[in-house]
Every structure is written in structure tokens, then in C-alpha cells.
Number of protein chains: 2
Amino acid sequence: MSASTKLSNSVKALCFLARNSSEPQSSATISHHTGVNASKLRKLLADLAKIKVVNTTKGASGGYFLARPPEKIHLQEIYCGIEDRKAFHLDVTHTDLTKSGEAAAVNAYFLKLFSEIQVDIEDKMRTLTLASILEATASN
Amino acid sequence: MSASTKLSNSVKALCFLARNSSEPQSSATISHHTGVNASKLRKLLADLAKIKVVNTTKGASGGYFLARPPEKIHLQEIYCGIEDRKAFHLDVTHTDLTKSGEAAAVNAYFLKLFSEIQVDIEDKMRTLTLASILEATASN
DNA sequence: TCATGTGTTACAGTTAATGTAACATATATT
DNA sequence: AATATATGTTACATTAACTGTAACACATGA
């Protein structure tokens, strides 16, 4: 999954959990309601459990549930929790250093620019909570 | 090529043209100095010729040269010129609309967010000129 | 006329993404 | 204690995307 797909799939699951918080929800149930593959959901939610965004209980009638109210869950921490390799695929060709230093200098320039963009994106995500997403996507 | 790779490769070529502006430079020559494949360079530079960032002359002793001084070439127009499918790979899963409207609402939310991010990125690129990149990557 | 260079297409080889299945581990429930 | 249920993780086959290179028609300066 691309970073953006993982993020939106995670949020779909978290929105479902927020709207069905009376009891733990299994990956099968979440999959049925969101359309996201149950195995992928388990991977995403396992990552989110590590950073205490959700809690899990195993066994019968177990499943996933939010560890905090939606107001205290930020998009940025979701993104950082599920994304290991980091960065929005802003790569630069791996120039062999036998070439002139000009190409290498341009590579360095863009790596710096792209990391600045990355910071900007995360700053923007830090201003968005699960609660605000719930409100923006409310159907009624 | 990913969007970011195309961008950095384009800038490598444009920097070379800016620093060797006495005569048209062939894709073979640019390739030799930048390490970027000549065929890919021709594709990139053909796109940049369409938006009048470079000019080309065919035939013997022909090649590519900047159509404007580096001060008047912006990173944003380079990016828009070479990128057809647009967007930094910020995709959202193509949910089948038979599912509940919640997943679709989250998709719509992220498409909007990602397009906002796209605008932010382009705004940042609009402030950067080829001249500023030449200065930042100068080796002497 | 001919060598040179662009613009474009095609293609094989490689890499990455995708969806699914499988299973060990853990734990409520009966 | 036994069992059904659920997570966490790994593996895999299929598909899609990327990569580098080659090839060639078209154009043009020498």
C-alpha cells in the first residue's frame, strides 16, 4: 500500500471504531463495513496499537477499540505510526558519485527540499484530529 | 520515473544548460555530464520545450538551450511541464460504491486534503527559480 | 547528400504493489 | 479444561509499475 492509501484506510477503520465504540470490533467486521481487506486492517491496527491509538483484545468477542477520544487522536501520529519507510515517495536518483559533483549537488538540494515539504505536510496533519474528520465526513 | 526523480533530473539538465550556454547541448552531452539516460532526457526536455523553458534545434550541431534566463524559470513550471498525471502519488483506494457511504466520504476527504497539499507544494516551488538553485548548488 | 540530433515508441528485465491465504499465539466463553 | 474466536505475522502468487535501453522515423545543419 502506498502511504496515502494506508493513511486513508487507517482513518476509515478509526472512524468506524469511533462510531461503534460500545464494544470491540473485529477486523472482519471493520473490513465488511469499510471494504478494506481484513488482513491489511490487522497490520495497520497492530501498528496503531503500538503507539496506543487503539487497544486490542484477543479471543472471542475481542477486537479493536479506540484508546483515546477522537479529539486526542491526530492525523500526524496516525501517519507516523503506520509509515515505516517515511516520506511521501519523494525520492531522488541514486547518482553514482563518479560523476561530476553538479549532479550530486542537485540531488542534495532536492533531498533537502523534499524533507522540508515532508515537515510541512506533517505540520498540516498535526492540526487535524480524528474528531474533525468525523465531523467533516458525517453523513447526517 | 517518479515525479520527484523527473524533477531532479530535469533540473540537472537545466543547470548544465545554464552553465554551458554558449552553444546548444545534445542529449548525449547532457547525459554524459549528468549521468541521466539520454533517451529520458530527450523526453523531459521535449516536455520543457513545449512550455518554452528550453528551445531545441535539430540536425548537426543542434541540441537544447535555455529559452529564458535562469531568473525567469520557476521550479513550479518545470514540475507542471514534466508531470502529466499530476500529484505526488497521493492516491486513495478506488472504493467500490456499493459499500457504505462512510468509506466514500473518507476518500473524498483525503482527495481534498491531498489536493490542498499539492497546492502547498506548488506554492513552495513557485518561489524557487533555476537561478536560486544554481546558486545553492554552486561548487565554487 | 549525409551525418547528426530530436521526438517518440517499444520492449525486456526488474522491482514494487496487491490481494489472499495460512498459521501460531492468545484469550473470552461455555 | 475444551473450544471457538480473534489478533499478529509471514508467505506467496498475481498483477501492475518502473527502469534502462534500443530502435527508428523525421528534421536539419553542414
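Chain A is the first sequence line, chain B the second, and so forth, proteins listed ahead of strands; every chain is numbered from 1. These figures come from a predicted structure and were not determined experimentally.
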- [ ] Could you please name the option among D:dT9, C:dA28, C:dT8 that lies closest to any side-chain atom of A:S61?
- [x] C:dA28
N/O donor-acceptor pairs under 3.5 Å from side chains in residues 58-72 of chain A, not counting sequence neighbours:
{"residue": "A:R68", "atom": "NE", "partner": "A:K52", "partner atom": "O", "Å": "3.4"}
{"residue": "A:R68", "atom": "NH1", "partner": "A:K72", "partner atom": "O", "Å": "2.7"}
{"residue": "A:R68", "atom": "NH1", "partner": "A:E77", "partner atom": "OE2", "Å": "3.0"}
{"residue": "A:R68", "atom": "NH2", "partner": "A:K52", "partner atom": "O", "Å": "3.2"}
{"residue": "A:R68", "atom": "NH2", "partner": "A:E77", "partner atom": "OE1", "Å": "3.3"}

- [ ] State which of D:dG8, C:dT6, D:dT7 makes the closest approach to the side chain of A:S27.
- [x] D:dT7
Open item on the list: I want to verify a distance call: between D:dG29, D:dT7, C:dG7, whose nearest atom is closest to the B:A60 side chain?
Closed with: D:dG29
Task: Main-chain N/O of B:K6 paired to B:S10 side chain as donor or acceptor, under 3.5 Å - done: yes
TODO: Check step by step if side chain to side chain contact (heavy atoms under 4.5 Å, CB included) holds for B:F110 and A:N9.
DONE: CA-CA 10 Å; B:F110 276 101; A:N9 283 346; over 6 Å; no
Open item on the list: With a 4.0 Å cut-off on N to O distance, would you call A:D120 and A:K124 a salt bridge?
Closed with: no
Open item on the list: Less than 4.0 angstrom between a side-chain N/O of A:N37 and OP1 or OP2 of C:dG19, yes or no?
Closed with: no
TODO: Give the minimum heavy-atom separation between A:I30 and A:L17, together with the two atoms involved.
DONE: CD1-CD2, 3.9 Å
Task: Side-chain donor/acceptor of B:Q25 to backbone N/O of B:F16, under 3.5 Å - done: no
- [ ] Could you tell me whether the phosphate oxygens of D:dT9, OP1 or OP2, come under 4.0 Å of any side-chain nitrogen or oxygen in A:K50?
- [x] yes
Could you list, one pair per line, each protein nitrogen or oxygen that sits under 3.5 Å from a nitrogen or oxygen of nucleotides 22-26 of chain D, together with the distance?
{"residue": "D:dA22", "atom": "N6", "partner": "B:S39", "partner atom": "OG", "Å": "2.8"}
{"residue": "D:dA23", "atom": "N6", "partner": "B:R42", "partner atom": "NH2", "Å": "3.1"}

Task: Residue-phosphate contact under 4.0 Å: A:T57 side-chain N/O, D:dT7 OP1/OP2 - done: no
